[in-house]
Number of protein chains: 2
Amino acid sequence: MQSILKINAFDSNHSSVSDASILELIKRRERSFGADAPLFYANPLHVVRGQGVWLYDSDGRPFLDAYNNVPHVGHCNPDVVEAVARQAATLNTHTRYLSEQSYAYAEQLLETFPAPLSKLSLTCTGTESVDLAMRMAYKYTGGTGFIVTRFAYHGNSVAVSSISPSVGLAVPVGRDVRLVAAPDSYRHPQPSIAGRLAEQVSAAIDDLEQHGVKLAAMIIDSIFSSDGVYTDPPGFLQSAAARVRMAGGLVIADEVQPGFGRTGTHMWGFQRHALIPDIVVMGKPMGNGIPIGGVVTTPEILKAFAGSAGYFNTFGGNGVSCAAGHAVLNVLRRDNLLQNATDVGGYLKRQLQAVAGVHECIGDVRGAGLYLSVEFVTQRDTREPDAPKAAAVINALRNRGVLVGGTGAHANMLKIRPPLVFSRENADLLVLALDDILRTGGE
Amino acid sequence: MQSILKINAFDSNHSSVSDASILELIKRRERSFGADAPLFYANPLHVVRGQGVWLYDSDGRPFLDAYNNVPHVGHCNPDVVEAVARQAATLNTHTRYLSEQSYAYAEQLLETFPAPLSKLSLTCTGTESVDLAMRMAYKYTGGTGFIVTRFAYHGNSVAVSSISPSVGLAVPVGRDVRLVAAPDSYRHPQPSIAGRLAEQVSAAIDDLEQHGVKLAAMIIDSIFSSDGVYTDPPGFLQSAAARVRMAGGLVIADEVQPGFGRTGTHMWGFQRHALIPDIVVMGKPMGNGIPIGGVVTTPEILKAFAGSAGYFNTFGGNGVSCAAGHAVLNVLRRDNLLQNATDVGGYLKRQLQAVAGVHECIGDVRGAGLYLSVEFVTQRDTREPDAPKAAAVINALRNRGVLVGGTGAHANMLKIRPPLVFSRENADLLVLALDDILRTGGE
């Protein structure tokens with residue numbers, strides 16, 4: 001098992017970088033941040049400007065961004081930029097003063113949630129959101145047991161890294177944490193997925209019980225981003241969630257990846273599974289890059305936690321972050337970006353499946369909306385993961401001006417997760433580059 | 001013991017607010033964020049604009065801000081606003097691409113630290129910074145024991161709230177955490193402070209050892225902000241730190257409060273004590289309100305942690321936050337704001353001491369630079385804390401257009417902690433209002 005932090009990472013011990021200005025930047029980075037700070041690509045990228053789905057390096061060369069989900073409505077989206085600039089010049093303070101602005105934002109955000117999910121706590125990052133959700137689950141249930149998938153990533157705090165097995169063996173999962181296999185729809189028939197996951201969850205519940213650990217919650221990223229992108233069939237989470245609730249646990253939806261319309265058909269990943277969780281956590285795309293995260297839950301769970309423990313986050317709900325968040329919601333709606341994710345995501349998936357039709361090294365193409373994965377295998381019949389192939393393709397795409405990432409427990413998959421303003425024309429560029437690389441074996 | 005989250009808080013069960021628009025905002029706040037989200041003042045404030053040391057409510061009434069340390073170089077500082085707007089329109093992405101901009105910022109920040117503190121990790125909040133420092137201390141020492149002061153506040157994650165006893169009994173401190181009394185220079189003679197603290201620390205080390213807990217670190221906010229603001233005599237931390245190190249533990253300086261020149265004479269609070277810690281954590285003032293935090297440590301400690309566990313923070317080191325942080329450093333230097341904190345802070349302290357000379361209810365005035373505290377007592381000889389008096393004065397100041405906060409384990413102190421651009425004229429306004437309130441007993 002590889003650490004998710006090392007997938008697609010620059011390795012200074014095996015570097016063939018020769019450009020003097022890039023070498024100098026790498027040196028400066030190491031001097032201030034240390035050699036272990038993660039950096040992408042065998043040939044690292046020095047970006048200096050962004051616009052929509054494009055990033056530009058210091059030579060002015062454009063790169064098609066098919067990786068970054070944080071700039072959700074596009075790099076330097078003008079509505080977000082204007083909202084941030086205006087608010088920064090007007091007022092930027094905390095939520096211990098009354099703030100009409102943050103209430104208007106909260107109301108618009110909460111409108112997108114089904115009952116009884118009606119209460120919001122604002123944080124600054126996905127990690128802070130998951131960490132807060134853990135505190136709520138501990139307090140509400142009185143339990144400490146957590147169930148997560150085997151290669152899940154939920155964040156980087158002491159508590160959240162203990163439920164993030166994908167960070168690797170140097171960061172052991174907590175003693176009250178149980179792992180379940182991800183719902184691998186490539187290696188198992190789709191009709192069996194829901195039942196298999198539910199059985200795994202039942203076994204985890206039993207094991208916690210045998211060790212005297214009371215269940216607090218199951219936390220699920222409904223895209224299973226780090227596990228390997230498993231989105232189908234929709235609805236497969238329901239039986240597992242039901243077993244968690246029967247055992248007295250809460251269901252936490254980690255919407256850092258699927259949220260804000262990423263899957264196209266729904267605003268939230270849990271809606272795609274026709275499931276209503278007890279707690280929802282948000283992060284990455286929420287403010288288009290301005291740090292903001294949030295936790296949405298029921299009045300009862302919030303009351304049980306905040307009424308005793310209390311919670312205040314200095315930067316949580318600050319004016320600038322709320323202005324960015326509000327602009328994101330407005331742009332998503334005005335520009336029909338969920339519809340775009342459905343349309344372009346579906347188109348891109350079909351095009352990638354066509355590429356897979358002529359290249360044996362692609363075992364599977366899957367995903368939902370604008371979160372897609374291409375899985376490389378040494379042979380289709382054995383389905384043996386081919387991590388070196390995935391790494392070579394990721395780096396070759398970068399060299400041809402297309403940015404994607406890698407993912408999965410075996411690091412053998414492309415992670416394709418562009419800003420939601422991605423177009424069919426952008427999709428064609430990506431697909432042509434991929435096809436050409438696989439045809440020519442080219443760098 | 002009161003929870004720090006409740007000091008100076010609005011209480012909807014004992015509200016005399018009659019203004020219809022304020023009542024409507026309170027209702028909207030409760031509907032989205034719940035009734036337990038902290039809100040300041042018996043008569044909550046609806047601020048809509050900020051400039052320098054001034055906040056303005058929805059009626060255009062100015063309030064002198066002698067409380068907020070996040071807008072470190074002044075609300076809506078034009079240099080910060082411009083840097084944020086320009087960067088938001090240019091590029092805002094993560095540190096997995098090379099970024100000259102973030103390296104230039106890191107270099108300028110690291111220049112302010114003494115050797116061997118030469119490595120930076122960027123986060124988004126003070127809580128994330130303390131949480132990361134805990135992970136580093138666990139990894140480097142192999143220990144889990146933490147020593148903190150009895151009414152310390154370090155943040156709000158699962159791990160950090162376990163070393164933040166001031167949050168109250170609903171959030172118990174961790175089983176591997178030991179509490180030491182704050183260095184109360186009002187109730188004990190100054191020459192005894194260092195020795196008393198060192199003895200307490202030794203006892204905590206012994207107790208951890210007897211329970212089989214290996215020491216990881218002592219974490220200290222050198223202003224002792226929530227404990228009650230204890231800054232003198234400079235140097236009193238040294239013996240305690242030496243004992244921690246002799247026992248194999250690290251010394252973590254929580255610079256969220258004292259950092260960035262707050263104490264006037266030094267950039268960092270630990271320098272005021274002529275102490276070099278092993279890990280330094282930063283937050284609040286770092287980006288003038290744009291979420292940014294950081295951890296500075298030695299190459300050895302960073303290597304031991306990041307070389308195995310790894311660390312990546314999606315928003316940590318993003319362009320906009322770095323631009324804000326860089327502008328703060330530039331303004332601090334260009335406008336000699338440390339000198340201003342020394343000058344105005346010293347002036348304000350003398351004026352407050354003059355007020356104390358004629359009002360028996362003030363037991364002590366103390367602090368350093370622009371972090372000052374006024375302690376209220378029922379009688380000077382008994383030094384019995386007078387929390388109701390402090391609350392009444394805080395609310396009366398707010399009604400006269402001056403914003404301060406409350407602090408201390410007994411909630412009987414004013415917390416005076418303005419932006420560093422505070423002037424002598426601003427200080428006079430504050431002192432006159434305080435004197436008048438104490439003379440007239442007025443609301």
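Protein chains get the first letters and strands the later ones, always in sequence-line order, with residue 1 at the start of each.
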Legend entry - Region of A/S308 in contact with chain B, defined by heavy-atom distances below 4.5 Å: both

Inset, instruction - Could you tell me which portion of A/L302 (side chain, backbone, both or neither) has an atom closer than 4.5 angstrom to a non-hydrogen atom of chain B? - result: side chain

Legend entry - Contacting moiety of B/F63, where chain A heavy atoms sit under 4.5 Å: neither

Legend entry - Residue part contacting chain A, namely of B/V84, when any heavy atom lies under 4.5 Å: side chain

Legend entry - Proximal component of A/I22, with respect to chain B [non-hydrogen, under 4.5 Å]: both

Legend entry - Pi-cation contact, B/F312 with B/R96 (under 6.0 Å, within 45°): yes

Legend entry - A/S58 portion near chain B, given a 4.5 angstrom heavy-atom threshold: neither

Inset, instruction - Against chain B, label A/Y41 side chain, backbone, both or neither, depending on which of its atoms sit under 4.5 Å from a heavy atom there. - result: side chain

Inset, instruction - Identify which part of A/P71 has an atom lying under 4.5 Å from any heavy atom of chain B, answering side chain, backbone, both or neither. - result: neither

Inset, instruction - Mind checking the CG-CD spacing from B/N69 to B/Q257? Nearest 0.5 Å is all I need. - result: 5.0 Å

Inset, instruction - Measure the acute angle between the ring planes of A/Y67 and B/H94, then classify it against the limits of 30° and 60° as parallel, tilted or perpendicular. - result: perpendicular

Inset, instruction - Would you mind checking which part of A/N313 comes under 4.5 Å of any heavy atom in chain B, side chain (CB onward), backbone (N, CA, C, O), both or neither? - result: both

Inset, instruction - Counting only heavy atoms closer than 4.5 Å, note whether A/L110 contacts chain B via side chain, backbone, both or neither. - result: side chain

Inset, instruction - Name the region of B/F10, side chain, backbone, both or neither, that has any atom closer than 4.5 Å to a heavy atom of chain A. - result: neither

Legend entry - A/Y56, part contacting chain B, at a heavy-atom distance under 4.5 Å: neither

Inset, instruction - Could you tell me which portion of A/V48 (side chain, backbone, both or neither) has an atom closer than 4.5 angstrom to a non-hydrogen atom of chain B? - result: backbone

Legend entry - Region of B/K284 in contact with chain A, defined by heavy-atom distances below 4.5 Å: both

Legend entry - Donor-acceptor pair, side chain of B/Q101 and main chain of B/C322, under 3.5 angstrom: no

Inset, instruction - State, with a plain yes or no, whether a side-chain heavy atom of A/S157 is found less than 4.5 Å away from one of B/V158. - result: no

Legend entry - Residue part contacting chain B, namely of A/S161, when any heavy atom lies under 4.5 Å: side chain

Legend entry - Side chain / backbone / both / neither for A/N156 at chain B, heavy atoms under 4.5 Å: both

Inset, instruction - Return the option, out of B/D131, B/N8, B/V81, with the maximum number of heavy-atom pairs under 4.5 Å with chain A. - result: B/D131

Inset, instruction - Decide, yes or no, whether a salt bridge links B/E300 with B/K303 under the criterion of side-chain N to carboxylate O below 4.0 Å. - result: no

Inset, instruction - Would you mind checking which part of B/T90 comes under 4.5 Å of any heavy atom in chain A, side chain (CB onward), backbone (N, CA, C, O), both or neither? - result: both

Inset, instruction - Count the heavy-atom pairs under 4.5 Å between each of A/I292, A/L25, A/N92 and chain B, then report the option with the highest count. - result: A/L25

Legend entry - chain A contact via B/E30 - which portion, at a heavy-atom distance below 4.5 Å: backbone

Legend entry - Part of B/I26 within contact of chain A (heavy atom distance under 4.5 Å): both

Inset, instruction - Look at A/E24, A/H75, A/R29, A/Q51 and state which one has the largest set of heavy-atom pairs under 4.5 Å with chain B. - result: A/R29

Legend entry - Region of A/R31 that comes under 4.5 Å of a non-hydrogen atom in chain B: both

Legend entry - Residue part contacting chain B, namely of A/V320, when any heavy atom lies under 4.5 Å: side chain

Legend entry - B/A324, part contacting chain A, at a heavy-atom distance under 4.5 Å: neither

